[in-house]
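Since the structure comes first, as structure tokens, the remarks are kept for the end.
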There are 2 protein chains.
Amino acid sequence: MTALSDPGKPALPLHVQIRRDLEDQIRSGVLMPGQKVAFEHELMTVYNCSRMTVNKAMSALSAAGLIERRKRAGTFVKLPRLDSTVIDIPDIQIDITARGESYGFELTERRVRTAVTAKERELAGEDGRVLCLTGLHLASGKPLAVEERLINLAAVPQAEAVDFSHMSPGHWLLEAVPWTQVENEISATEADAELTRRLGIEKGQACLVLDRRTWSGPERITTVRQTYDGTRYRLVAHFDTLRRSAPRP
Amino acid sequence: MTALSDPGKPALPLHVQIRRDLEDQIRSGVLMPGQKVAFEHELMTVYNCSRMTVNKAMSALSAAGLIERRKRAGTFVKLPRLDSTVIDIPDIQIDITARGESYGFELTERRVRTAVTAKERELAGEDGRVLCLTGLHLASGKPLAVEERLINLAAVPQAEAVDFSHMSPGHWLLEAVPWTQVENEISATEADAELTRRLGIEKGQACLVLDRRTWSGPERITTVRQTYDGTRYRLVAHFDTLRRSAPRP
DNA sequence: CCAATGGATATGTCTATACATTATCAAAAA
DNA sequence: TTTTTGATAATGTATAGACATATCCATTGG
């Protein structure tokens, strides 16, 4: 067995290597925002490769928003903007189990009805049928979040036959019905009487609210509001500019 | 003047056109998650171009996470995951003016001190000097958010000379000191006595909290907590899977 | 002194080709 | 039947060259 290449380094493609090198220089501060990056023909000689290979690396960084390229002038590290960063909003069940707690779901109410409220009609249209589910997400046995969900039965007819009494509808939907678009909204609210009772928290406590609407193509799938106990759980968003670029292995 | 090409359509590059077409098909539901996308050689004949051009379009979509490519098998629309979506968290000043309200900042407290608390030491290190600013963001003259900020004077010495009495420190920093990394955290809290007084809201009201830490290369720049009035302002996050792909003009 | 012009240059796009890599499928061997 | 083997087909990577496009910069003309 001759070791032609280190098995730990499975011969990373050259354009990936170039991209990584530049990324590292930006991340470490060797290349600061506004500073000029080497020309393509310079990197060509450094890496001893063709311009297309350098171009592929640079184009990827440009698409990721890390650098800016101007004809004749050259390439520069981009001044980052504070908007458009990446955030993780995981499925609540996955999130809870990931932090080592046991997950449970408890269905409180289940109704099938014709769309009447504005919210329901936005989802299912005039006279569409809607599955209304209300339940509780439990972390280590304790209530963590209240969920109020509407499912468009025209788009997901098989949902009507599913027993959600101990299964997270969101988790089921995630696997059963692939979506193509999502809209989320994060807000804060004060716990009203009902939240107080259902989450077992004090009246008036701050809660984090996550509203989510999903589509599958042109069709609306579901609308959900998850209200979290603000003290026990924080909908933590952890992000980082360079994550816009491809993740490392 | 012969109209070789519509001036409204400035001859979009072919690989961009191909990417857009596929994006549109995914967005509209013509191509559903899991479904097979045409082979490269098929798109070659459709668009009458070389394989490299098709490959560029497909690679971009793959990098954006919209499709999955498997050798020999082909290309498929990816099943979306609920995490890692794109969110806009704009600078508060820009955000307020963008929604047509007038913006104002009012400095409440300004101190230069040696790092003593854990938070300060995390920013400036042992015995580092820190600029502590506390202020109020005003939208249309009314308090909207309280800001508590620490600036690492070792990294940003020029901040000590700046008059922040009516200027948002965050906005100044954004232009004065380019950063390379950010970490954010969103949480909810109940308004305590001080928040109640400073924001002019009722005691116990729910507030949205945004904690942010920025780096410039290996160096820490600033730590800030912005606490928003939960009723008047919602830190609204609006996102969409396909935004991972490049934005449209 | 300022404006217009044009050349030089770096990036953008595209082609045609080559070979590498890998998963699939079918035929051959056990 | 099960396993192995090998051909095949798809993507992945890389090349060299060509032309397009935008813009910086110096030279020229007013």
Side-chain angles (χ1 to χ4, degrees), chain A residues 4-7 9-22 31 34-78 245-249, chain B residues 2 4-22 31 34-78 245-249:
Chain A
L4 282 174
S5 62
D6 192 334
K9 298 173 187 173
L12 218 52
L14 190 50
H15 73 267
V16 176
Q17 186 61 54
I18 297 172
R19 183 160 59 77
R20 269 184 54 161
D21 287 353
L22 292 172
L31 281 173
Q35 233 178 306
K36 200 179 82 62
V37 181
F39 294 129
E40 290 189 347
H41 66 261
E42 290 173 327
L43 292 177
M44 265 174 81
T45 63
V46 169
Y47 289 94
N48 191 35
C49 65
S50 78
R51 189 167 76 91
M52 281 302 289
T53 304
V54 176
N55 187 278
K56 187 163 189 172
M58 306 271 268
S59 296
L61 288 175
S62 178
L66 265 75
I67 59 176
E68 193 188 340
R69 317 199 73 196
R70 291 207 312 275
K71 285 167 185 171
R72 175 68 212 253
T75 302
F76 303 86
V77 181
K78 209 171 181 179
S245 180
R248 296 292 177 82
Chain B
T2 55
L4 283 175
S5 63
D6 192 332
K9 299 172 186 173
L12 218 51
L14 190 49
H15 73 266
V16 175
Q17 186 61 54
I18 296 172
R19 183 159 61 75
R20 269 184 54 159
D21 286 353
L22 292 172
L31 280 172
Q35 233 179 305
K36 202 178 80 62
V37 181
F39 296 129
E40 290 189 347
H41 66 262
E42 290 174 326
L43 292 176
M44 262 174 84
T45 63
V46 169
Y47 289 96
N48 190 34
C49 65
S50 78
R51 189 167 76 89
M52 283 302 291
T53 304
V54 175
N55 186 278
K56 186 161 190 173
M58 306 271 268
S59 296
L61 287 175
S62 178
L66 285 164
I67 61 176
E68 193 188 341
R69 317 200 72 195
R70 291 207 313 276
K71 285 168 184 170
R72 177 68 213 252
T75 302
F76 303 85
V77 180
K78 211 170 183 178
S245 181
R248 296 292 177 82

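In what follows, chains carry the letters A, B, and so on, assigned in the order in which the sequence lines appear, proteins first and then strands, with residues in each chain numbered from 1. Computed from a predicted model, the values in this text were never measured in an experiment.
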Report each atom pair, protein N/O against N/O of nucleotides 21-25 of chain D, whose distance is under 3.5 angstrom.
{"unit_1": "dC24(D)", "atom_1": "O2", "unit_2": "Arg72(A)", "atom_2": "NH1", "d": "2.5"}

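- Rounded to the nearest 0.5 angstrom, Asn48(A) CG and Thr53(A) OG1 are separated by 10.5 Å.
- Counting only residues at least two apart or on different chains, the salt bridge (Lys or Arg N to Asp or Glu O under 4.0 Å) pairs with a member in residues 40-59 of chain A are Glu40(A)-Arg51(A), Glu40(A)-Arg69(A).
- Once rounded to the nearest 0.5 Å, the distance linking CG of Leu43(A) with CG of Asn55(A) reads 11.0 Å.
- By the side chain to side chain donor-acceptor pair (under 3.5 Å) test, Glu68(A) is found to be paired with no residue, residues two or more places apart in sequence or in another chain being considered.
- Within the structure, a side-chain polar atom (N or O) of Thr75(A) is placed less than 4.0 Å from OP1 or OP2 of dT11(C).
- Contact between Ser50(A) and Met44(A) at its shortest, heavy atoms only, is C-CG, 3.8 Å.
- For Phe76(B), there are no ring pair (Phe, Tyr, Trp, His ring centres under 6.0 Å) partners at least two apart in sequence or on another chain.
- Between the CD1 atom of Ile67(B) and the P atom of dA10(D) there is a distance of 16 Å, rounded to whole Å.
- The closest side-chain heavy-atom distance from Leu14(A) to Tyr47(A) is below 4.5 Å.
- Look at Thr53(B) and you'll find a side-chain N or O under 4.0 angstrom from OP1 or OP2 of dT15(C).
- For the helix from dC1(C)-dG30(D) to dA30(C)-dT1(D), the axis fitted to the five pairs at one end and the axis fitted to the five pairs at the other end meet at an angle of 10° (nearest 10 degrees).
- Put simply, CG on Leu43(B) is 13 Å from P on dA10(D), counting in whole angstrom units.
- Across the protein-nucleic acid pair, Gln17(B) atom CD and dC14(C) atom C1' stand 16 Å apart, rounded to whole Å.
- What separates CD of Glu40(A) from C1' of dT15(D) is a distance of 15 Å, to the nearest Å.
- Remark: His41(B) is not in phosphate contact with dA9(D), judged by side-chain N or O atoms under 4.0 Å from OP1 or OP2.
- With rounding to whole Å, Phe76(B) atom CZ is found 13 Å from dA23(C) atom P.
- No option in Leu66(A), Ile67(A), Val77(A) other than Val77(A) meets the side-chain contact (heavy atoms from CB on, under 4.5 Å) test with Leu31(A).
- When rounded to the nearest whole Å, the span between CG of Asn55(A) and P of dA20(D) equals 18 Å.
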Is there any protein nitrogen or oxygen under 3.5 Å from a nitrogen or oxygen in nucleotides 16-18 of chain D, and what are the pairs?
{"unit_1": "dA18(D)", "atom_1": "N6", "unit_2": "Arg51(A)", "atom_2": "NH2", "d": "3.3"}

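- The distance between atom CZ of Arg69(A) and atom C1' of dT9(C), rounded to the nearest whole Å, is 14 Å.
- Minimum heavy-atom separation, Ala57(A) to His15(A): CB-O, 3.3 Å.
- Atom NZ of Lys56(B) and atom P of dT13(D) are 14 Å apart (whole Å).
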